[in-house]
Each structure stands twice: as structure tokens, then as C-alpha cells.
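Worksheet for the structure shown next.
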Number of protein chains: 2
Amino acid sequence: MRIASQANHLAPISGILAGDNVQNTPSASAERSLRTFSAKEHVFFEGDDRDSIYEVVDGVVCVYKVTSDGRRQVISFCYPGSLLGFGHADRYLYSAEVLSPATLRPYSAGALEKIVAERPDLAHSLMSFVMAELAAARDQLLTLGRKSASEKIASFLLELSRQNEEMSKDPETLQLPMTRSDIADYLGLTIETVSRNFTKLKTSGIIDLHQNTTVVICDMDRLEETASCDEERF
Amino acid sequence: MRIASQANHLAPISGILAGDNVQNTPSASAERSLRTFSAKEHVFFEGDDRDSIYEVVDGVVCVYKVTSDGRRQVISFCYPGSLLGFGHADRYLYSAEVLSPATLRPYSAGALEKIVAERPDLAHSLMSFVMAELAAARDQLLTLGRKSASEKIASFLLELSRQNEEMSKDPETLQLPMTRSDIADYLGLTIETVSRNFTKLKTSGIIDLHQNTTVVICDMDRLEETASCDEERF
DNA sequence: CACACATTGTAACAAAGTGTCACACAATTC
DNA sequence: GAATTGTGTGACACTTTGTTACAATGTGTG
């Protein structure tokens with residue numbers, strides 16, 4: 001679940017690739033046509049030939065990996081500014097599924113490599129993007145490996161809240177484009193456990209739920225306490 | 001737990017930074033003095049000012065993050081060729097503790113940035129290194145989020161085996177420089193669960209244990225089946 | 001627009017895998 | 001040789017999962 005720039009506060013990657021800097025780069029000209037996807041549509045599957053890299057322009061995309069018997073682990077939720085498939089070799093290393101109607105900008109892999117060769121400043125920004133992704137993945141390793149279900153849910157909501165703040169949105173009103181099942185697969189839990197913990201937070205007065213897809217944070221301090229891995233207080 | 005080059009089969013990073021390519025780079029000259037560390041010694045702690053980046057030349061280093069109440073999640077075990085602290089901003093994002101007597105090569109962060117600016121080929125190799133780390137972290141997200149204890153232990157042993165193969169060592173005889181506690185913190189388990197699963201694998205004839213720090217894989221097929229998330233067979 | 005169906009979410013109860021606690025033994029360090 | 005650390009095992013507890021049932025919401029069709 002990432003906005004590009006989280007670690008280093010650089011401009012969203014769309015500013016890097018689609019802004020003035022790139023539009024004037026000849027190699028990119030054929031790659032700036034947008035594609036729209038419906039909810040539930042897959043952009044690509046893990047193992048497919050990696051022919052394009054996609055930038056999320058609008059909407060939310062969920063990227064996930066699957067075990068051989070079909071268990072799904074969501075790796076992250078990708079908001080505008082994220083790149084899908086960047087850094088993959090010949091084949092995609094994960095699958096990407098659209099959660100809400102989305103607009104993506106595809107780049108052919110070869111074209112992006114040419115851009116990077118021509119523009120060292122873009123290479124630097126892409127490196128920053130990948131490092132931010134790595135830092136986020138490592139934070140999530142700590143969450144998955146050591147946090148309880150309550151701590152996971154609270155951390156998840158706080159992450160969405162911080163993201164809203166970075167995008168100048170209300171940090172206390174969170175839109176959830178993903179289902180309980182998506183959240184469960186992101187946090188290494190089951191649907192029932194996610195639902196029980198949402199109910200627990202609601203019953204405790206820490207959050208309020210509007211139509212199951214909007215979370216209003218009523219008590220940010222207690223939510224932070226719940227996430228913080230100290231003594232639980234509700 | 002990483003050898004550099006896992007995703008893209010490039011030369012280990014030490015070939016990139018310490019080999020012919022770099023020795024001829026003026027900026028690097030002050031950074032090539034080696035430092036040795038004893039087992040259990042910390043290279044740095046999470047939150048410390050990020051003044052150096054270290055390359056592991058010999059030995060094994062464990063990098064980890066900690067929750068506010070002291071729960072530890074090992075992020076990876078770093079073998080020769082790994083870089084510690086690369087991609088961190090002003091402060092270290094994790095702690096690094098030496099598991100076996102180790103030799104590290106420190107680089108000042110500023111010096112490395114200068115090298116990268118002067119040598120686009122090195123920037124490309126560092127990008128590959130970071131992408132390999134990201135791919136590995138994502139694989140571990142799947143392991144932590146969705147695999148059972150048995151599957152985790154089996155996957156861990158297979159990872160060490162693959163690593164041995166990449167380093168032209170015996171893939172069926174694994175040296176474990178880390179304790180059961182380190183393995184537990186890497187896999188999101190407790191010491192007891194790790195110990196019970198080692199015993200299970202041993203009792204089933206899949207592995208053999210010599211002095212608790214050497215694992216001999218007796219039945220690679222069954223170990224792969226155990227890790228593979230299909231029906232368990234022992 | 002109403003209805004049927006599919007999907008998603010929640011609640012209650014049972015089961016199980018892992019954690020916790022305690023202890024014994026082995027290996028390492030001082 | 002004593003102290004410390006690491007490992008393995010057993011018994012019990014508990015958090016989460018699994019199952020079943022039902023409620024709520026969203027979507028498609030006539």
C-alpha cells in the first residue's frame with residue numbers, strides 16, 4: 001500500500017515520468033497512451049512475460065503473490081504514482097488486480113530503459129522509488145512476523161491515515177477500496193479475523209464504520225496505542 | 001538472507017565495489033579499509049545516524065527491526081556481497097548484528113554517492129542489487145503471511161541450499177551460523193516451534209542434524225514437498 | 001422499479017496450531 | 001570448574017482459524 005515518495009518525499013513518480021521532464025524525451029512518446037481497467041480486472045498475472053511497466057494514474061491496484069496451492073498474499077495496494085512491474089526481469093514477479101476502476105499508463109520495458117539511460121536524474125528518482133518500496137516491504141515484514149491481529153489492523157488503518165495526510169486528504173476519514181478479503185490477504189489473516197477486529201475497534205469507540213467501506217477514526221491516540229505493540233487498552 | 005545477485009545473476013556486489021572497476025576510482029580510495037567484528041557485536045542500531053554503508057566481505061550479519069515493546073523481526077541474514085545500510089536516509093532503518101566473526105568494508109555515504117555519479121555502470125549494478133533485495137523481501141512476505149510453521153522451516157532450509165549452490169558449495173550440507181532464536185525471529189515463530197519442526201524433519205528422515213549447527217538434507221524431494229504448500233506428507 | 005441472485009460482512013461455536021511456562025540437558029565461555 | 005547460553009521436550013493456554021449460519025449490500029434482469 002504505497003504512495004510513491006514515502007521514504008524520501010520526492011514527487012510522485014508520475015511527476016517523474018509523465019511530467020515536463022519526460023514529455024520532452026523522444027523515447028517516451030509512444031508510451032504515454034492511457035489504458036482504463038474495470039474493478040476486478042487483472043493488469044497482468046505472475047509469470048506472464050514482462051512486456052510493460054504500468055504507472056497507476058488513477059484508481060487502486062492490488063499486487064499479490066500466490067503459493068502453489070492457491071493461498072494469496074497481497075504484497076501492497078498501489079495508489080496513483082506507483083509503478084507496476086518495475087524491476088521485474090523477463091516475467092512478472094507478482095499479479096496485479098484493479099480494485100477500483102483505474103487508469104494506468106503503460107511503458108514498454110525497453111522504452112523505460114532507454115529513458116533511464118538518457119536521463120540520469122530519472123534513474124535517481126527511480127532508485128528512490130525502489131528504495132521506498134524496499135523500506136515499506138521491510139516494515140511489513142515486521143508487521144506480518146511479529147504483530148497480533150489487533151496490532152495489524154490498527155497499523156493498517158494508521159498507514160492509510162498517513163497516506164491521506166501526505167495527499168492533503170482528511171487523515172481521519174479513510175476510504176477502503178479493498179474488501180475484507182483483500183485486507184486479510186495483506187495482513188496474513190482471515191476474513192473473519194479482520195471483521196472481528198473491525199467490530200472490536202468500533203465497539204470500543206476507536207473507529208466508526210460507514211457502509212463498511214468508509215472508516216472514521218474517532219480516537220487517533222487509542223488507535224496508535226493499539227498499533228504500537230505496547231499494552232493493549234481495549 | 002541474501003547473496004547479492006539472486007534475481008539478476010550479476011556479480012556479487014563486492015565485485016562491483018571492490019574489484020578492478022572501483023579500485024581505479026579516486027573517490028573510493030579512503031573507503032577501502034576493512035573492519036573486523038566479533039560475533040554478537042552490533043555494526044549499527046536502527047535510528048543511529050547513517051554515516052556509513054558496509055559491504056559484507058566475510059562472515060554473516062543479521063539485520064533486524066524491533067517493535068516498541070522489544071519484539072524483534074529479523075529482516076534478512078547477510079552473507080558476503082551484501083550491503084548494509086544502502087538506501088537508508090539520514091538514519092539507519094534497521095539494526096545489524098554480526099553472527100559469526102565478520103569482516104566488513106565501510107564506505108561513507110557521501111563517497112558512495114560520488115562513485116555512483118561518476119560510474120553509471122555501478123549505479124546500474126546497485127539498482128539491480130536493490131531490486132533483488134526487494135524481490136526477496138516480497139517472497140518473504142508470502143512466507144510470513146501465508147505459510148505454516150513446517151512450510152516456513154522447509155522453505156528456509158531450501159533457501160540456504162540454493163544459496164550454497166550459487167556459491168558452488170554442497171547444497172545438501174548447510175552451515176547455520178544463526179541460533180534457533182535468530183531463525184524464529186526471521187520466520188515469525190518462537191524458539192520452541194523452530195526446535196519442534198527441526199525435530200519433526202529429523203524424525204521423518206528428511207534432514208539430519210550434526211551438532212545443531214550443521215543440517216544435512218537427506219531427502220531433498222520431500223523437503224521441497226514440505227515447503228511447497230501442497231498436501232503435507234510427513 | 002422490483003425481485004432474484006451473488007457477493008460481502010458478521011456472529012457464534014468448535015478446533016488446532018502456535019505460544020507460554022517449566023525443566024532438563026548440552027555446549028560454550030570465562 | 002562454574003556460569004552462561006543454547007537446545008529440546010512436555011504440558012497447558014490461547015489466539016486465530018475453520019465452519020456454519022445468517023444479515024447486509026450490490027448487481028443484474030425482466
Side-chain angles (χ1 to χ4, degrees), chain A residues 38-41 62 69-73 97 99-101 143-154 175-204 207-215 226 229 231-232 234, chain B residues 38-41 62 67 69-73 97 99-101 143-154 175-204 207-215 226 229 232 234:
Chain A
S38 317
K40 291 187 179 9
E41 203 175 345
C62 150
D69 66 351
R71 277 174 267 160
R72 184 177 78 146
Q73 176 63 41
E97 178 184 8
L99 294 184
S100 57
T143 297
L144 289 190
R146 283 294 172 238
K147 291 187 179 183
S148 69
S150 299
E151 292 166 347
K152 286 175 171 174
I153 300 287
Q175 303 298 333
L176 305 184
M178 67 290 287
T179 64
R180 298 300 186 254
S181 181
D182 297 326
I183 298 172
D185 289 350
Y186 177 61
L187 298 176
L189 302 170
T190 61
I191 294 174
E192 290 83 1
T193 302
V194 171
S195 182
R196 284 180 201 117
N197 280 279
F198 270 102
T199 302
K200 228 159 92 177
L201 288 171
K202 183 174 152 189
T203 302
S204 304
I207 65 169
D208 214 1
L209 289 172
H210 296 154
Q211 278 161 333
N212 297 329
T213 54
T214 301
V215 173
T226 304
C229 308
E231 270 180 76
E232 224 165 280
F234 73 104
Chain B
S38 318
K40 292 188 181 3
E41 204 177 343
C62 151
T67 63
D69 66 350
R71 277 175 267 161
R72 183 178 79 147
Q73 175 63 41
E97 178 184 7
L99 294 183
S100 58
T143 296
L144 288 190
R146 283 296 173 232
K147 290 186 178 182
S148 69
S150 300
E151 293 165 348
K152 286 173 170 174
I153 299 287
Q175 303 298 332
L176 305 184
M178 68 290 286
T179 64
R180 300 299 187 256
S181 179
D182 296 325
I183 298 171
D185 288 350
Y186 178 61
L187 297 176
L189 302 170
T190 61
I191 295 173
E192 290 85 356
T193 302
V194 171
S195 184
R196 288 186 192 114
N197 279 278
F198 269 103
T199 300
K200 231 160 92 178
L201 288 171
K202 185 175 152 190
T203 303
S204 305
I207 66 170
D208 214 359
L209 287 172
H210 296 154
Q211 277 163 334
N212 297 329
T213 54
T214 300
V215 173
T226 305
C229 307
E232 221 165 281
F234 74 105

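Please read all numbers here as calculations on a predicted model, not as lab measurements. Chain identifiers are assigned alphabetically (A, B, ...) following the order of the sequence lines, protein sequences preceding nucleic acid strands; residue numbering begins at 1 within each chain.
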### Task
In whole angstrom, give the distance that lies between atom NE2 of B:H210 and atom P of D:dG8.
13 Å
### Task
Over all heavy atoms of both residues, which pair between A:T226 and A:E151 is shortest? Give the atoms and the distance, please.
O-CG, 3.4 Å
### Query
Quick one: does A:T214's side chain get under 4.5 Å of A:L176's, heavy atoms only?
no
### Query
Once you round it to whole Å, what is the distance between P of D:dT7 and CE of B:M178?
11 Å
### Query
Atom CG of B:L176 and atom P of D:dG8: how far apart are they, to the nearest Å?
10 Å
### Message
Which heavy atom of A:N197 sits nearest to which heavy atom of A:S150, and what is that distance?
### Response
OD1-OG, 3.0 Å
### Message
Protein within reach of the bases, or only the backbone? For nucleotides 10-21 of chain C, mark each nucleotide 5' to 3' as B, S or -, using heavy atoms under 4.0 Å.
### Response
BBBB----SBBB
### Message
Counting only side-chain nitrogens and oxygens, does B:K40 get under 4.0 Å of the OP1 or OP2 atom of D:dG6?
### Response
yes
#### Entry: For the student: nearest non-hydrogen atoms of A:Y186 and A:L144, plus distance
O-CD2, 3.6 Å
### Task
Please name the pair of heavy atoms, one in B:T143 and one in B:K152, separated by the smallest distance, quoted to 0.1 Å.
O-CE, 3.4 Å
### Query
Once you round it to whole Å, what is the distance between P of D:dG26 and CD of A:Q211?
6 Å
### Query
End-to-end bend of the helix from C:dC1-D:dG30 to C:dC30-D:dG1 (five-pair axes, 10° rounding)?
50°
### Side chain to side chain, B:R196 and B:T199, heavy atoms closer than 4.5 Å
no
### Query
Once you round it to whole Å, what is the distance between P of D:dT16 and CD1 of A:I183?
16 Å
### Query
Does any pair with a residue in residues 185-194 of chain B pass salt bridge (charged side-chain N to carboxylate O under 4.0 Å, His left out), and if so which ones, sequence neighbours excluded?
A:R146-B:D185, B:R72-B:D185
### Task
Determine the minimum heavy-atom distance between B:N212 and B:R180, stating which atoms define it.
O-NH1, 2.9 Å
